[in-house]
Amino acid sequence: MNKDKIFKLAKGFRGRAKNCIRIARERVEKALQYSYRDRRNKKRDMRSLWIERINAGTRLHGVNYGNFMHGLMKENIQLNRKVLSELAMHEPYSFKALVNVSRTAFPGNNAVPKKEGLSSIL
């Protein structure tokens, strides 16, 4: 990379990292390494967020995430985790229908939902 390109990429850095070529080159190289790494970590973080949302939605209906996904696989329902998490958040009735389909496909899903709060005492 030439000097102008380095300084353009180093714009906004603090101290001599923005105007001293040697330090700017090191900081820019490190910044590019971080951006490469974090593009992959972002995908990982989003997948785990989707799984958390699906798990929260399924537990409201007395099924855990693993059994829910297993039931969907047995029924050959090919919705990805991103779509399932959106359904769990914004379309609760559609998601409940999917939970019921999963429950009929996999007998391990027939657990009764636990009562929480005051209803568990009464």
Side-chain angles (χ1 to χ4, degrees):
M1 284 194 206
N2 65 5
K3 219 187 258 194
D4 295 331
K5 200 168 184 181
I6 295 284
F7 284 137
K8 186 174 182 184
L9 289 171
K11 196 175 185 91
F13 288 3
R14 295 180 64 131
R16 288 195 303 161
K18 69 176 173 284
N19 54 17
C20 181
I21 188 62
R22 180 188 291 168
I23 298 169
R25 183 177 292 121
E26 292 170 359
R27 292 288 86 217
V28 165
E29 285 178 8
K30 195 65 175 176
L32 292 172
Q33 288 172 2
Y34 286 142
S35 66
Y36 178 86
R37 178 198 68 191
D38 290 338
R39 280 194 298 272
R40 277 123 193 96
N41 288 351
K42 182 177 175 185
K43 293 168 183 60
R44 183 185 316 161
D45 294 341
M46 290 308 296
R47 181 182 164 98
S48 67
L49 176 67
W50 297 331
I51 290 172
E52 287 173 15
R53 288 177 176 170
I54 296 167
N55 193 17
T58 56
R59 285 181 187 272
L60 290 175
H61 304 295
V63 179
N64 68 11
Y65 169 79
N67 290 342
F68 171 70
M69 292 304 284
H70 184 65
L72 290 183
M73 297 300 165
K74 285 184 89 171
E75 283 292 317
N76 198 24
I77 297 174
Q78 297 178 347
L79 291 174
N80 63 18
R81 286 164 182 82
K82 181 179 180 180
V83 171
L84 287 171
S85 74
E86 291 293 318
L87 284 174
M89 286 173 40
H90 302 297
E91 297 285 338
Y93 294 114
S94 304
F95 190 73
K96 187 176 185 338
L98 282 173
V99 171
N100 291 336
V101 167
S102 172
R103 187 177 276 143
T104 57
F106 182 57
N109 283 343
N110 292 328
V112 179
K114 294 178 183 176
K115 293 182 178 179
E116 293 183 11
L118 288 176
S119 60
S120 64
I121 299 169
L122 301 175

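- Phe68 is connected to Ile51 through a chain of hydrophobic side-chain contacts under 4.5 Å among Ile, Leu, Val, Met, Phe, Trp and Tyr, so both are in one cluster.
- Connection of Val101 to Ile54 is established within a shared hydrophobic cluster, with ILVMFWY side chains joined at heavy-atom distances below 4.5 Å, either directly or through further cluster members.
- Using a 4.5 Å heavy-atom threshold, the side chains of Val99 and Arg103 count as touching.
- With hydrogens and angles disregarded, a donor-acceptor distance shorter than 3.5 Å links the side chain of Arg40 to the backbone of Tyr36.
- Here Thr104 contributes atom OG1 and Asn100 contributes atom CG; the two are 7.5 Å apart, rounded to the nearest 0.5 Å.
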Which pairs of donor and acceptor atoms, one on a side chain in residues 73-95, lie under 3.5 Å apart (sequence neighbours left out)?
unit_1	atom_1	unit_2	atom_2	d
Asn76	OD1	Gln78	NE2	3.2
Asn80	OD1	Lys82	N	3.4
Asn80	OD1	Val83	N	2.9
Arg81	NE	Tyr65	OH	2.7
Ser85	OG	Lys82	O	2.9

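- Checked against side chain to side chain donor-acceptor pair (under 3.5 Å), Arg37 has no partners two or more places apart in sequence or in another chain.
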Counting only pairs under 3.5 Å, give me each side-chain donor-acceptor contact of residues 5-27, with atom names and distances, residues two or more places apart or in other chains.
unit_1	atom_1	unit_2	atom_2	d
Lys18	NZ	Gly15	O	3.4

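- Within the model, atoms NE2 of His61 and OG1 of Thr58 stand 8.0 Å from one another, a figure rounded to the nearest 0.5 Å.
- If you take CG on Asp38 and NZ on Lys42, they are separated by 10.0 Å, rounding to the nearest 0.5 Å.
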Using the side-chain contact (heavy atoms from CB on, under 4.5 Å) rule, take Leu32 and Val28 through it: C-alpha gap first, then chi angles, then the decisive distance, then the call.
CA-CA 6 Å; Leu32 292 172; Val28 165; 4.1 Å; yes
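- Here the straight-line distance linking atom CG of Leu60 with atom CG of Asn55 works out to 10.0 Å at 0.5 Å rounding.
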